[in-house]
There are 2 protein chains.
Amino acid sequence: MQKNKETKNFGAYMDRTIKLIKWKYTQAFKEANIDITTEQWVLLDSLSQKDGISQNELGNGSFKNAPTVSRIIDLLCKKGLTKREPSPNDRRKHHIFLTSKGKKTYQKVLPVVEDLRRKGWNGLTHEDYQQFIRIMDQIFSNFEES
Amino acid sequence: MQKNKETKNFGAYMDRTIKLIKWKYTQAFKEANIDITTEQWVLLDSLSQKDGISQNELGNGSFKNAPTVSRIIDLLCKKGLTKREPSPNDRRKHHIFLTSKGKKTYQKVLPVVEDLRRKGWNGLTHEDYQQFIRIMDQIFSNFEES
DNA sequence: CAACAATATTTGTCATAGCAAATATATTAA
DNA sequence: TTAATATATTTGCTATGACAAATATTGTTG
């Protein structure tokens, strides 16, 4: 006998919402004439906080695996927004730095992203945010532990 | 003057959580010896509720665009889980049906998915679910309308 | 030191996703 | 009816993401 018969298909809601969010980011970047993807923005944002960290650290901070980070950094380097520098201490590592163009781009994108974040949370309160974080963290740890 | 200075980076939480959810689904399918991906499951699930719908309808129900649906159905057909049948009314359309193998697979996957859904919501209440849906819907409509 | 294990990154392959364009068919308008 | 338009699907291209394996380097252990 199944006790809790009604299961919650929360994944579909998150999937739907996150797809729309990413699409909105893409549109907003396009409108602002910024040639960058949402995921590239995620790494630029990490670098703006800790410039010079390794690809490994970038991956940990953004929940991306090593190959994905490697390829996104490839693209960012091609666009001239970041540069790789070999670590003097550990020659397996690369330190990733924002170039001056990368810093300029970051400054240009930041207000666009802040607008999107504000707009996305419109009609919701700080208490809602605490609920949101609590629920997300609970789901995360439900799956993480096992 | 920026009034609401503190913006909420809710996207990162959702991104992190949904990645873990998908990974758990993948692992669970593997452990149950079910050769299927999470996104393939999404379409099987739609078909189990409305067998014979078009790819277009499948896409609307799952927030996937037409090319993505087309390719996932290709794979499901290759695996023998679905079949395409030309619509007699409108020869542009295909009706997609679960094969008997597809139905068997669905029945095999369903309890695994229900376990995952229950496990994912562990420690959370039905009220939490209502909060969750409310917040997701609000974010969605914040972006949808504009 | 030599062998082995661990770590950081890269490369290859496949699945998913978005976008644009091609194709086929259906609908509407002139 | 023909021409223009709209719809359903497919195909090509690129980005992201997961996984496995290859490579380079570092750390550990005998």
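Note on naming: letters A, B, ... go to the chains in the order of the sequence lines (proteins, then strands), and numbering restarts at 1 for each one.
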Please enumerate all residues that pass salt bridge (charged side-chain N to carboxylate O under 4.0 Å, His left out) together with B:K19, with sequence neighbours excluded.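 Checked B:K19 against salt bridge (charged side-chain N to carboxylate O under 4.0 Å, His left out); matches are B:D15.
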
Under 4.0 Å from OP1 or OP2 of [N]: is there any side-chain N or O of [X] that close?
X: A:T37; N: D:dT16; answer: yes
X: A:W23; N: C:dC19; answer: yes
X: A:Q40; N: D:dT16; answer: yes
X: A:K93; N: C:dT7; answer: no
X: A:R91; N: D:dG27; answer: no
X: B:K22; N: D:dA18; answer: no
X: B:R92; N: C:dA22; answer: no

With a 6.0 Å cut-off on the ring centroids, do B:Y129 and B:W121 count as close?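 They qualify: ring centres under 6.0 Å apart.
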
Roughly how many Å is it from [atom1] in [X] to [atom2] in [N], rounded to a whole number?
X: B:I21; N: D:dA18; atom1: CD1; atom2: P; result: 13 Å
X: A:N89; N: D:dG27; atom1: CG; atom2: C1'; result: 15 Å
X: A:K24; N: C:dG18; atom1: NZ; atom2: C1'; result: 16 Å
X: B:L20; N: D:dG17; atom1: CG; atom2: P; result: 15 Å

Show me, pair by pair, the donor-acceptor contacts under 3.5 angstrom made by side chains of residues 66-73 of chain B, not counting sequence neighbours?
residue, atom, partner, partner atom, Å
B:T68, OG1, B:N65, OD1, 2.6

In terms of side-chain geometry, is the basic nitrogen of B:D115 or B:K24 positioned less than 4.0 Å from the acidic oxygen of its partner? no

Donor on one side chain, acceptor on other, A:Q138 and A:N142, under 3.5 Å: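 A donor-acceptor contact under 3.5 Å links the two side chains.
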
Once rounded to the nearest 0.5 Å, what's the spacing between atom CG of B:L110 and atom OG of B:S48? 7.5 Å

With the threshold set at under 4.0 Å for non-hydrogen atoms, list the residues of residues 44-79 of chain A touching DNA chain C in residue-number order. A:S54, A:Q55, A:N56, A:A66, A:P67, A:S70, A:R71

Hey, which sits more toward the 5' end of DNA chain D by its nearest nucleotide, B:H94 or A:D90?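 Closer to the 5' end of DNA chain D: B:H94.
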
